[in-house]
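One structure is given here, and the rest of the page talks about it.
Residue numbering restarts at 1 for every chain, and letters A, B, ... go by the order of the sequence lines.
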Amino acid sequence: MTNIRVRFAPSPTGALHIGGVRTALYNYLLAKKMGGTFILRIEDTDQTRYVAGAEKYILDALQWCNISPDEGPGIGGAYGPYRQSERKDLYQKYAEKLLADGNAYYAFDTPEALDEKRAAMEAEKQVFRYDSSTRMEMVNSLTLSSEAVQKRLDSGEGYTIRLKVPREEQVQVHDLIRGTVTFQSNELDDKIMLKSDGMPTYHLANIVDDHLMEISHVIRGEEWLPSTAHHVLLYRYLGWENEMPKFAHLPLILKPSGKGKLSKRDGDKLGMPVFPIGWEAEKAEDSFRGFREYGFDPKAVLNFLAFLGWNPGTEQEIFSLEELAAAFSIDKIGKSGARFDYQKAQWFNQQYIIASEDQTLARSLRNDFGDQLAGVSDDFLASFCGLLKERVTFMTDFMEMGYYFFEPVKTYEEKPIRKKWKPEQRHNFDALTAALAAIDDFTAEHLETVIKNFIAAKELKFGEVFPMLRIALTGTMSGPDLFKMAALIGKATVLERLESGYNHFDQVKAAANS
RNA sequence: GCUCCUGUAGACGAAUUGGUUAAGUCACUGCUCUUUCACAGCAGAGGUUGCGGGUUCGAACCCCGUCGGGAGUACCA
């Protein structure tokens, strides 16, 4: 195979959707696997939809995911510029070639006239399409005399250039995922190549750039499959059919319900991220959080995304980026749309946290919660992470679930207190506290022997002692190993919390009985 | 409406390309780990492979029909 060059070509019309990230990932993986080049191209041909900051967002998002492009705007490369708006003049030339060869024509119909036409047809339950069957009824260089056309052109009147799609032809698209797809040319409309503002449409710009940038594989979303027939025609008319890139149209990522493709609204509605990183809009209600802000590890997100529509055919599920690149192949990509399974995403993240080194997690926490952790030592933080990492889904869970490692207990779960606390046993608990106070070397092992010996000596049951200790120390019934936790918190804090905890328990019981 | 894509447990999906009893994972249930939660391990439940025909000794896989889901149908990408 020759040089592999793939591109991710988003439009800077807003934040990059998670489906776009997957497209970028698959492109990246193919490039890395084959020792090829991954290119970012910004398709900003629609100035009306341009959103400031979107391009930066795309770069930031790819960087967060660690799938940065080899060539692109702000990165460089031998095939630039990589913003289509900066390549505007280029497209003009190819549009003129289409015109000269009779494969395109000038069209003077205004958007308003077209809208009217469409509305009129719709009223009769028909659909208007600007194609080989209707173009002779429209205002264009096919129906106007050449003098009239020249006059309109000279007058500065707006015009578009449309592709003249042939009649009665079959157009075949070879797709690496779906095989050969055949379209009848009569079903294809005369797509606009050059808009009245002089900018190309996606179709023209895309083909020209893919060719000029020597793209070998076009990996993009399934929504492009229907227009690929036009693209094949364009390659043919521009004389590039023999060097046409290979196509692979990815299945869509569907809503959790399976009805329709995943959208921004699903994220708002279901309380889950559908974008890689957050977006700061002018209006607060237009801002949103991404996977990053939800506490996801980008490696877990990538792993999750990779499996949405692809699988290696083995039973391995946890893959590093390098392993993904090594295992990746286009023919293992599925054909049907994959639903966005947020629970699975969470599972992946949990697996990544569990597999992380305690020190790594500690560093990450200090990075995100430095203020709250000001007086906490690295060793303490690492031990804390080791204790909690198996019970956590997100990085943010550490602080929520384990806040009591750093500050006093805020709230106590009342149910177990009401059920299990016996004020008449208080003297035993106080005696246990005294026994703990006598421990010099306050390790988990010593704590365990002292407490267990105490329980045995007093002929108590584990079930009536442990839960009370746990609640007094942490306020909650769920948490890490009691002894390790207590050892980490330290003797002074433990003694203090037992005392205030028991006092609180007595109050709860007194209130319940009154 | 028209064009194209697609259909295997609730979800992701495997099945050496027509060959035993249709993998595995997430989610769910139970057990174990003799303090909780979680992790882990074990076990369980969940399927006429959308449906109906056909070809064949044999069909998830091939053929015909049918139904469902999705995408496209812009001077948006």
Can you find an N or O donor on one side and an acceptor on the other, under 3.5 Å apart, linking the side chain of [X] with the base of [N]?
X: A:R391; N: B:C37; result: yes
X: A:R470; N: B:U36; result: yes
X: A:T160; N: B:C75; result: no

Q | CZ/A:R167: more than 12 non-hydrogen atoms of other groups inside 6.0 Å | A |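 Correct, the count exceeds 12.
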Q) Has A:N206 got a side-chain N or O lying under 4.0 Å from the OP1 or OP2 atom of B:A77? A)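 Indeed not, no polar side-chain atom of A:N206 lies that close.
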Q) For B:C5, does either OP1 or OP2 sit under 4.0 Å from a side-chain N or O belonging to A:S336? A)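 Answer no for this pair, as no side-chain N or O of A:S336 is under 4.0 Å from OP1 or OP2.
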Q | Ring geometry between A:W224 and A:Y202 (parallel below 30°, tilted from 30 to 60°, perpendicular above 60°) | A |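 Taking A:W224 first and then A:Y202, their aromatic rings lie parallel (interplane angle under 30°).
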Q: Look at the rings of A:F304 and A:F291 and say which category their plane angle falls in: under 30° parallel, 30 to 60° tilted, over 60° perpendicular.
A: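 It falls in the tilted class, 30° to 60°.
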Any donor-acceptor N or O pair under 3.5 Å, side chains [X], [Y]:
X: A:Y294; Y: A:N349; result: no
X: A:H230; Y: A:D189; result: yes
X: A:T476; Y: A:E413; result: yes

What interatomic distance, in whole Å, is found between [atom1] of [M] and the corresponding atom of [N]?
N: B:G69; M: B:G50; atom1: C1'; result: 10 Å
N: B:C4; M: B:G46; atom1: P; result: 41 Å
N: B:G10; M: B:U56; atom1: C1'; result: 35 Å

Q: Look at all strands and tell whether A:K389 reaches a base, only sugar-phosphate, or nothing, counting heavy atoms closer than 4.0 Å.
A: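 Touches nothing.
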Q. A:S11 has a side chain; which of B:C4, B:A77, B:C26 sits nearest to it?
A.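 Looking only at heavy atoms from C-beta outward on A:S11, the closest nucleotide is B:A77.
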Q) Are the charged groups of A:E169 and A:R236 less than 4.0 angstrom apart, N to O? A)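 A salt bridge links A:E169 with A:R236.
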(Q) Is B:U73 syn or anti, taking syn as a glycosidic angle within 90° of 0? (A)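 With its glycosidic angle more than 90° from zero, B:U73 counts as anti.
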Q) Reading RNA chain B 5' to 3', how would its secondary structure be written in dot-bracket notation, given Watson-Crick and G-U pairs with both distances under 3.5 Å, brackets [ ] for crossing pairs and | for partners on other strands? A) (((((((..(((......[....))).(((((.......))))).....(((((..]....))))))))))))....
